[in-house]
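Reviewing the structure listed below.
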Amino acid sequence: MSDKSKKAHFAPDAKHRQCRNVVIYGYCKNEDAGCPFNHDGSVKPASAVSSPDRRPLRVDSPSFNPLTFSPGVFTAQHYEHYRSSSQDRLAPPERSSTSSTAASPLVSRTTRQYSDVVAGIAPASSPPLQAQAQPEPARQHAIFNLTRGVEQLGLKDHTNGRGEGEAAGVGNGGSGSGDDVPPENGMFDEDGYIDDPSMMVPPGTYFPLVLSTPSVTAETAQLNHHYYMPGQQQALLLGNKAQRSIQHFFVSDHIRTELTKRSEEAYRPAPADVATALPALVHKYHSLVPLEDASTTAPPKPKPSKVFGYPCVWYKATSNQDGLVYALLRIVGYKLPNETLLSSVVESWRRVNHPNVTRLHEALTTKAFNNESSLILVYDFVPFAAPITAVVQPSKADTTPAAVAAAKKKGTTPERHLWSFTIQLLGALKAIHSAGLAVRMLDATKVLVPLSGTSVKNRVRISALGALDFILAVDAARNGAAPALGDTLAQQQDYMHLGHLLVTLANPAKAAASYTMPQLQEALKPCSPAFVNVVHYLLNPAAFKNPDELLAMTAPHVMAELDTMRGQIDRLENELGKELENGRMARLMMKLNFITERPEFNMDHRWSETGDRYLIKLFRDYVFHPVDAHGQPILDVGHVVTCLNKLDAGVPELVMLSSRDERNCLIVSYTELKRCVEETFQELVAAQALPSY
Ligand SMILES: Nc1ncnc2c1ncn2[C@@H]1O[C@H](COP(=O)(O)OP(=O)(O)OP(=O)(O)O)[C@@H](O)[C@H]1O
């Protein structure tokens with residue numbers, strides 16, 4: 001809009017009226033640019049004085065896109081009206097023999113039809129995608145054309161007296177400074193200010209850039225699901241700043257590193273010498289890697305287990321059925337007393353699916369290891385698993401492993417960890433006992449904690465469940481007895497084992513086979529009386545332990561544990577929310593790339609250059625290949641995110657697409673683009689040879 005036309009638009013007494021930008025935001029950014037209102041009391045923030053940051057990859061760059069319209073200003077209905085008034089449907093451009101982007105007569109004709117309607121919006125010579133980085137005069141020129149075009153369409157342009165170049169757009173990468181005023185008719189006074197005081201925003205209110213949502217009229221009302229949701233916590237962390245860095249779009253570095261390390265560990269191969277000495281395939285498991293000493297370059301020698309008596313080796317292996325990694329416990333020299341044992345034990349243990357156990361998936365016998373009979377038990381794999389004693393904190397700092405191991409024997413575990421372990425293990429015992437089973441060997445070596453890097457994660461899991469049932473079944477068979485699974489006596493012993501384990505963790509130096517109360521108090525000296533009572537109850541052979549009584553004794557700490565878990569769930573859900581958005585966009589980008597530049601489809605080499613596909617290709621260029629006034633690439637993630645979200649939602653907003661040679665431009669709504677993408681993709685799905693996923 002020219003200065004002249006703008007002046008005519010303002011009320012004559014404007015200079016006596018307080019500028020509402022000052023009232024609302026504390027200052028008016030157009031004070032020096034000819035805003036005719038009174039600016040007494042205006043305080044310009046530093047950010048408003050300094051020139052906008054034009055770093056690449058700023059997702060919130062205050063980019064103005066002169067080729068998009070606010071839905072409240074120019075909607076799909078308007079677009080449809082003009083579209084239907086032109087007889088021709090978007091026709092495929094005639095392919096140029098020299099260049100795929102060369103103007104075709106058909107496209108030119110279509111362009112002319114739209115150009116007639118929106119004459120002046122953007123002359124074919126003005127590079128539409130360069131507006132974001134154009135110097136100020138160029139941007140003003142673009143706005144001038146845009147505004148004139150809107151005026152010719154008979155639609156009011158609500159720039160809210162913000163000066164040229166500041167037209168509001170839905171998530172168009174605007175400044176986010178709070179200047180984006182909802183362009184809804186009836187809400188504004190004659191000067192383009194919000195007329196309704198209830199719509200005024202208190203100073204300091206945070207308008208996230210990509211989330212800035214103008215009010216919508218009934219006809220354009222829709223869910224805001226096309227906006228990128230940053231997650232509640234991120235929004236709070238950002239405070240009143242509209243700035244956002246690229247990291248806010250992705251899962252936090254900490255979680256990403258943690259998960260990457262875990263999957264690296266899960267798929268870490270064995271050293272070449274070890275791998276060649278191991279069988280390539282055991283049943284359906286391949287890529288075996290010994291777990292106990294990852295640093296060794298020789299295949300592990302089975303050593304008799306202190307718990308099971310048999311020589312045992314742990315491996316991780318990948319299933320060729322589901323591609324997942326499992327932990328395999330190989331019990332060397334084990335001979336199955338009867339065939340039904342496998343299924344009966346496995347079926348019983350498979351029912352125990354608890355967050356504090358590594359689930360037994362299957363059992364099999366094999367001679368794949370040097371023709372030796374072995375029993376293989378297959379469990380969940382826990383990356384970086386270590387025995388629970390790894391959490392005992394050494395009594396003094398020392399760096400050598402031997403010194404640390406020795407110091408750990410005199411060390412302790414903080415009481416809050418002890419309560420956490422108690423509650424988790426009691427939960428696991430309850431689940432196991434309710435399935436009619438017993439752990440039988442709650443030994444410190446069989447209770448695992450994941451140690452990743454230096455951080456100790458507090459989740460414990462009982463491993464090797466059911467192994468002792470197999471071993472005891474051999475003795476039972478020898479005596480002609482039926483194998484017994486969990487009985488009450490074994491279950492009560494589980495509680496005693498838990499008591500011993502807790503003393504070992506609290507004070508490894510005082511671990512003993514039995515305790516009197518004074519000995520226990522001495523061993524658990526740093527712990528609270530409540531904890532001593534729980535351990536005493538667990539170790540008391542005369543007390544018949546039941547889980548409900550134990551729950552009552554640990555209740556206050558159960559609440560604390562629940563609170564911690566809920567906090568963690570909130571944090572993870574927040575991270576998940578971001579990845580949800582990214583997943584949505586990744587799928588959309590896949591669809592676009594399935595379609596664009598396809599060399600041929602149904603024997604038609606022009607397919608991806610014609611009809612709806614031509615629009616999609618232009619849109620792809622608009623989203624991913626913008627350049628600035630000097631032809632330099634613009635890598636604006638905010639632009640990509642915004643455009644893809646709008647495409648995903650199919651908003652009625654219009655976008656102008658131009659061919660690479662800038663000789664043709666098409667105005668099209670995201671609704672129409674979405675339809676094009678959907679229909680074209682379905683065309684490909686229908687033609688594909690394989691079933692779709
Ligand atoms: N489910 C599992 N997932 C990942 N690693 C596991 C799993 N189970 C065991 N491990 C790894 O194997 C290691 C050795 O376990 P194991 O039960 O053999 O301990 P141990 O000290 O050798 O006891 P034992 O004397 O009974 O052999 C564990 O410390 C852990 O690192």
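Start at 1 and go down the list; that is how both ligands and their atoms are numbered. In this text the structure is predicted, and so the values were computed from the model without any measurement.
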Tabulation required: pairs of a nitrogen or oxygen in ligand 1 and a protein nitrogen or oxygen under 3.5 Å; columns are atom names and distance to 0.1 Å; otherwise 'none'.
residue  : atom   : partner : partner atom : Å
ligand 1 : 1 (N)  : Asp380  : O            : 3.0
ligand 1 : 3 (N)  : Val382  : N            : 3.0
ligand 1 : 8 (N)  : Ser463  : OG           : 3.2
ligand 1 : 15 (O) : Trp314  : NE1          : 3.3
ligand 1 : 17 (O) : Trp314  : NE1          : 3.2
ligand 1 : 17 (O) : Lys446  : NZ           : 2.8
ligand 1 : 18 (O) : Trp314  : NE1          : 3.2
ligand 1 : 22 (O) : Glu292  : OE1          : 3.3
ligand 1 : 22 (O) : Lys303  : NZ           : 3.0
ligand 1 : 23 (O) : Lys446  : NZ           : 3.2
ligand 1 : 25 (O) : Lys306  : N            : 3.0
ligand 1 : 25 (O) : Lys306  : NZ           : 3.4
ligand 1 : 26 (O) : Ser305  : OG           : 2.6
ligand 1 : 26 (O) : Lys446  : NZ           : 2.6
ligand 1 : 31 (O) : Ala385  : O            : 2.8

Who passes ring pair (Phe, Tyr, Trp, His ring centres under 6.0 Å) against Tyr310, sequence neighbours left out? Tyr334
Just checking, any donor-acceptor pair under 3.5 angstrom between side chains of Thr516 and Gln519? yes
Distance only, no hydrogens: is a donor on one side chain within 3.5 Å (strictly under) of an acceptor on the other, for Ser420 and Gln424? yes
Contact list for residues 434-443, test side-chain hydrogen bond (donor to acceptor under 3.5 Å, both in side chains), sequence neighbours left out: Arg440-Asp469, Asp443-Thr445
Centroid-centroid distance, His361 to Tyr379, less than 6.0 Å: no
Pairs satisfying salt bridge (charged side-chain N to carboxylate O under 4.0 Å, His left out), at least one member in residues 372-389, at least two apart: Arg330-Glu372
